[in-house]
2 protein chains.
Amino acid sequence: MDTEPPYFDANSEPLAARIATGLHKIGLAMKQQAWQQANTAGLSATQGQILATLVAGGPLSGSELSERLGVTLPTISDSVRVLVEKTLVTKSPDPRHPRASLLTPTPKGAELGARARSWPEFMADAVQDLTPEEQRAFFAGIVKMIRMLQEQGLIPLTGMCVTCKHFRPNVRTGPAPHHCALVDAPLSSDQLRLDCQEHERASETARREVWEQFLRRR
Amino acid sequence: MDTEPPYFDANSEPLAARIATGLHKIGLAMKQQAWQQANTAGLSATQGQILATLVAGGPLSGSELSERLGVTLPTISDSVRVLVEKTLVTKSPDPRHPRASLLTPTPKGAELGARARSWPEFMADAVQDLTPEEQRAFFAGIVKMIRMLQEQGLIPLTGMCVTCKHFRPNVRTGPAPHHCALVDAPLSSDQLRLDCQEHERASETARREVWEQFLRRR
DNA sequence: TGAAGTAACTTCGGACTCCTAAGTTGTCAA
DNA sequence: TTGACAACTTAGGAGTCCGAAGTTACTTCA
């Protein structure tokens with residue numbers, strides 16, 4: 001860097017870095033929004049997230065929540081205690097594991113959770129201004145990014161078609177080249193899910209293979 | 001919603017909502033990453049952000065920081081106190097305002113700040129897998145989204161070309177249709193800056209007009 | 001010439017977040 | 001029956017945030 005004013009030339013920050021900056025800014029808005037929405041609902045941000053996750057993904061144990069929300073167990077444990085005190089969730093023994101307990105929202109908790117699920121909707125509104133084509137391109141970018149971040153262990157391997165046992169990429173030509181073997185239905189690239197309840201994690205080798213197959217042709 | 005298993009049909013979540021979900025997941029990774037990077041540098045997340053912002057944008061006052069980082073003054077005040085104790089920033093009177101003080105990083109602080117600026121780079125890496133074309137589309141989407149969110153008051157009006165006094169959108173045809181009047185240089189859509197130091201906020205009516213002009217033709 | 005206002009903080013108290021480290025406690029395997 | 005294991009829970013401590021309530025140096029108006 002010298003003392004010259006900035007010119008818009010090759011020395012400008014690379015596109016990838018500016019994309020990162022942009023995502024950072026968007027992330028800031030999300031954080032603030034979540035905080036505020038939670039507060040007006042009488043919850044904390046994490047409490048809202050927990051309820052939303054339980055409503056979206058059925059009863060879960062503490063450790064599952066911990067993985068999905070990217071915080072440690074103690075943090076979950078704390079928040080859950082409060083939620084139980086508020087009678088928004090109940091605990092019941094988990095048949096799958098000895099010491100685990102399944103968390104289920106009460107009716108009141110389910111209602112708040114359903115509302116919390118719609119917190120990111122303000123962003124969906126902001127996306128509406130993009131043309132459908134731009135939206136598709138944007139979504140494709142997001143899917144690829146998430147996959148990369150999952151590979152680096154920064155995002156849990158949950159809910160995305162492209163890491164699911166039942167996903168068959170590029171099995172035909174046309175607008176919907178992919179296939180979901182679970183519901184036996186064709187699938188276009190912009191119908192891919194990020195948060196499917198039925199998601200079952202494929203093995204590591206299978207995931208790698210599926211991803212390569214997915215990238216091939218488009 | 002009924003009891004049927006989910007089919008990939010029109011009843012699936014709309015694309016915009018899934019984009020929001022995706023951004024949410026990416027935001028999660030950013031949060032975690034920031035926390036971890038800050039910790040290994042011996043800082044807290046906000047302290048790192050403050051240093052990075054000061055290094056990137058020159059000396060700022062507390063309220064400017066507060067606006068850019070989207071937290072209230074007390075929070076900034078707290079963190080700055082710690083940074084001063086650690087001798088990473090110094091305060092000096094601000095000539096522009098009576099009661100304000102300009103915050104300047106010390107050499108040690110500047111070094112940490114420079115390092116903190118590169119924290120979002122892990123995301124830039126994740127973007128590298130997108131084709132250049134995909135990157136451009138992705139970036140275009142981000143710019144539009146940020147603009148929308150700014151209009152809703154969720155992101156500060158700072159640093160983006162499209163809200164700057166010196167920006168002239170679509171003044172010519174060809175690959176670089178825009179123009180920056182400050183450095184008097186042509187500008188393509190994917191050279192737009194999100195964090196220009198020289199940014200000067202245009203008036204509200206000017207911003208609205210510029211944006212309309214920007215959307216027209218592409 | 002003073003009184004009131006304004007802007008930019010700072011301090012305080014309190015709720016939450018988030019971590020690591022150190023227990024608990026049921027179950028299963030040896 | 002003695003460990004090992006898994007899934008929490010508790011304790012302790014730093015940090016993040018906020019609203020409310022001071023400070024304090026000018027500015028402005030009467």
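Letters A, B, ... mirror the listed sequences (proteins, then strands); counts begin at 1. None of these values were measured; they are calculated from a predicted model.
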Think [X] has a side-chain N or O under 4.0 angstrom from the OP1 or OP2 of [N]?
X       : N      : result
A:Thr72 : C:dC18 : no
B:Lys91 : C:dT10 : yes
B:Lys31 : C:dC18 : yes
A:Ser63 : D:dA7  : no
A:Ser77 : D:dT10 : no
B:Thr46 : D:dT16 : yes

If we ignore hydrogens and angles and just use 3.5 Å, is the side chain of A:Glu121 paired with the main-chain N or O of B:Ala17 as donor and acceptor? no
Between the main-chain N or O of B:Ala137 and the side-chain N or O of A:Glu134, is there a donor-acceptor pair closer than 3.5 Å? no
With sequence neighbours excluded, tell me which residues meet side-chain contact (heavy atoms from CB on, under 4.5 Å) with A:Arg136. A:Pro132, A:Glu133, A:Asp190, B:Leu15
Using the test side-chain contact (heavy atoms from CB on, under 4.5 Å), find all partners of A:Thr53 that sit at least two apart in sequence or belong to another chain. A:Leu60, A:Leu65, A:Arg68, A:Leu69
As a test of reading the structure: which of [options] is closest to the side chain of [X], going by heavy atoms?
X       : options               : value
A:Thr75 : D:dT16, C:dT17, C:dC9 : C:dT17
A:Ser61 : C:dT10, C:dC18, D:dC8 : D:dC8
B:Pro74 : D:dT16, D:dT9, C:dC12 : C:dC12

To the nearest angstrom, how far is [X] atom [atom1] from [N] atom [atom2]?
X       : N      : atom1 : atom2 : answer
A:Ile76 : C:dC18 : CD1   : P     : 9 Å
A:Arg81 : C:dT24 : CZ    : P     : 18 Å
A:Leu69 : C:dC18 : CG    : P     : 10 Å
B:Asn39 : D:dG13 : CG    : P     : 17 Å
B:Gln32 : C:dC18 : CD    : P     : 10 Å
B:Leu43 : D:dA14 : CG    : C1'   : 13 Å
B:Gln47 : C:dC18 : CD    : C1'   : 15 Å
B:Leu65 : D:dC17 : CG    : C1'   : 16 Å

Can a salt bridge be assigned to the pair B:Arg115 and B:Glu111 using a cut-off of 4.0 Å between side-chain N and carboxylate O? yes
Under 4.0 Å, counting only non-hydrogen atoms across every strand here, what does B:Ser44 touch: a base, just sugar-phosphate, or nothing? sugar-phosphate
For B:Asp78, which contact category applies under a 4.0 Å heavy-atom criterion: base, sugar-phosphate, or nothing? base
Between B:Leu73 and A:Glu64, which residue's closest nucleotide on DNA chain D lies nearer the 5′ terminus? A:Glu64
